[in-house]
Amino acid sequence: MGEVYLFAPGNSEKKIHKALNLHTDAVIIDLEDSVTSNEKEMARNLVYSLLKTDVTFRSKIYVRINSIKTQWFFEDLNMVNELKRVDGIMIPKSEDKTSISLAAELLNKNVEIIPLIESAAGVMNIRTILSSDQAVDRVAFGSVDFALDIGVDWSVEGTERAYAMSKLVLASRAAGVNPPIDAVFPIIDDRESFIKDTQKGKQTGFNGKMVIHPKQIDWVKEVYTPSKKQLEWSRKVIDVFESSAHSGAIDLEGKLIDRPVYLLAKRLIKSS
Ligand code: COA
Ligand code: MG
């Protein structure tokens with residue numbers, strides 16, 4: 001529950017090594033926007049040299065390749081095919097099924113494909129994207145590129161992305177895949193705003209978040225881990241509901257307890 005995906009720039013051996021030694025659920029090694037055009041080849045070679053043999057890392061390793069609209073898409077995919085250890089790829093600027101179907105066809109291994117949705121077209125085509133290939137189990141959201149695409153500034157509060165985020169959640173649920181992964185929060189030093197942003201994503205229906213800095217890892221966990229108060233309340237709800245003679249509605253400390261409330265409490269305990 002609430003998995004953390006840490007980005008490490010593909011041109012930095014130091015950061016990749018560091019990321020692979022941290023307690024995170026996944027590391028996404030980036031060949032896209034954190035690598036400049038003249039370093040693309042160097043970064044690709046670096047990722048190849050680091051992952052061509054098996055690495056001991058308990059968590060998942062993904063590579064974010066360059067989008068199909070760039071000259072690097074195919075070479076990135078070829079490199080991924082040469083890797084010994086990789087759990088999946090992330091395809092940025094996913095807008096339809098073309099790049100996903102093509103990647104699935106060209107990949108020589110059974111790895112997950114995470115489409116990164118970061119444009120109006122991507123959001124509006126989400127159902128097609130979700131059903132494009134069985135390698136797609138979830139999508140991720142990119143909020144800064146999304147703001148750029150729709151012609152507004154990125155905001156801390158996220159007014160501009162609220163509808164898009166809800167749409168990704170509902171489409172994922174309706175398609176029977178996992179909830180989407182929340183976008184990175186590009187301000188590194190503002191813990192309070194980061195926590196608020198993560199809570200908003202969680203309450204919208206996202207599960208987990210991408211981060212850009214090691215210190216943000218624990219902040220995501222903090223939001224996704226149920227609090228002591230929530231756990232105590234949920235245990236009380238379960239007790240009262242299960243020991244009640246009838247299974248209709250019960251009043252507990254001024255709150256309505258009925259079957260869906262009971263099921264929510266059971267789910268919260270299970271996730272802890
Ligand atoms: N992965 C692994 N290690 C990281 C890291 C990351 N994403 N971000 C920072 N670190 C390391 C630094 O190397 C440094 O290590 P050290 O103490 O051993 O020297 C330590 O954490 C503290 O880093 P800090 O000095 O606070 O940050 P920085 O100036 O080195 O890096 C960024 C800041 C933004 C450049 C860096 O966090 C980064 O590259 N993030 C990922 C960017 C990315 O991949 N973007 C694409 C997706 S949006
Ligand atoms: Mg982007």
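The first residue of the sequence shown is numbered 1, and numbering continues consecutively from there. Read the numbers this way: they start at 1 and go in the same order the structure lists the ligands and their atoms.
Counting all heavy atoms, side chain and backbone alike, I89 lies closest to A103 at CD1-CB, 4.1 Å. For the pair G158 and S155, the tightest heavy-atom approach, listed with the atom from each and the gap, is N-OG, 2.9 Å.
Assignment of V27 to the shell around ligand 1 is not supported, since no heavy atom sits closer than 4.0 Å.
The atoms of ligand 1 that sit less than 4.0 Å from any heavy atom of D30 are 46 (C). Close contacts between ligand 1 and H213 involve ligand atoms 8 (N), 9 (C), 22 (C), 23 (O), 24 (P), 26 (O), 27 (O), 37 (O) [criterion: under 4.0 Å to a heavy atom]. Taking every non-hydrogen atom of I188 and a distance limit under 4.0 Å, the qualifying atoms of ligand 1 come out as 34 (C). Listed by number with element, the atoms of ligand 1 under 4.0 Å from a non-hydrogen atom of K14 are 13 (O), 15 (O), 16 (P), 18 (O), 19 (O).
Listed by first and then second residue, the salt bridge (charged side-chain N to carboxylate O under 4.0 Å, His left out) pairs involving residues 209-223 are D25-K221, D182-K209, D189-K215, R191-E222, D197-K209 (not counting sequence neighbours).
Looking only at distances, no side-chain donor or acceptor of K167 sits under 3.5 Å from a matching main-chain atom of V123.
Counting heavy atoms under 4.0 Å from ligand 1, residue S34 touches it through the side chain alone. With a 4.0 Å cut-off on non-hydrogen atoms, D33 does not touch ligand 1 at all.
For E39, the side-chain hydrogen bond (donor to acceptor under 3.5 Å, both in side chains) partners are N11, not counting sequence neighbours.
Distances from atom 36 (C) of ligand 1 to the heavy atoms of E32, K215, M210, K15 show the closest one on K15.
At under 3.5 Å, a nitrogen or oxygen of F7, whether backbone or side chain, sits near a nitrogen or oxygen of ligand 1. Remark: ligand 1 and R64 share no N or O pair separated by less than 3.5 Å (distance only, no angle test). Residue contacts with ligand 1: L6 is placed with no nitrogen or oxygen under 3.5 Å of a nitrogen or oxygen of the ligand (distance criterion only). At a 3.5 angstrom cut-off on N or O pairs, K18 counts as close to ligand 1.
With salt bridges taken as basic N to acidic carboxylate O contacts below 4.0 Å, one links E253 and K236.
Linking Ile, Leu, Val, Met, Phe, Trp and Tyr whenever their side-chain heavy atoms come within less than 4.5 Å leaves V111 and M210 in two separate clusters.
Around atom CD of E242, more than 12 heavy atoms belonging to other residues, nucleotides or ligands sit under 6.0 Å away.
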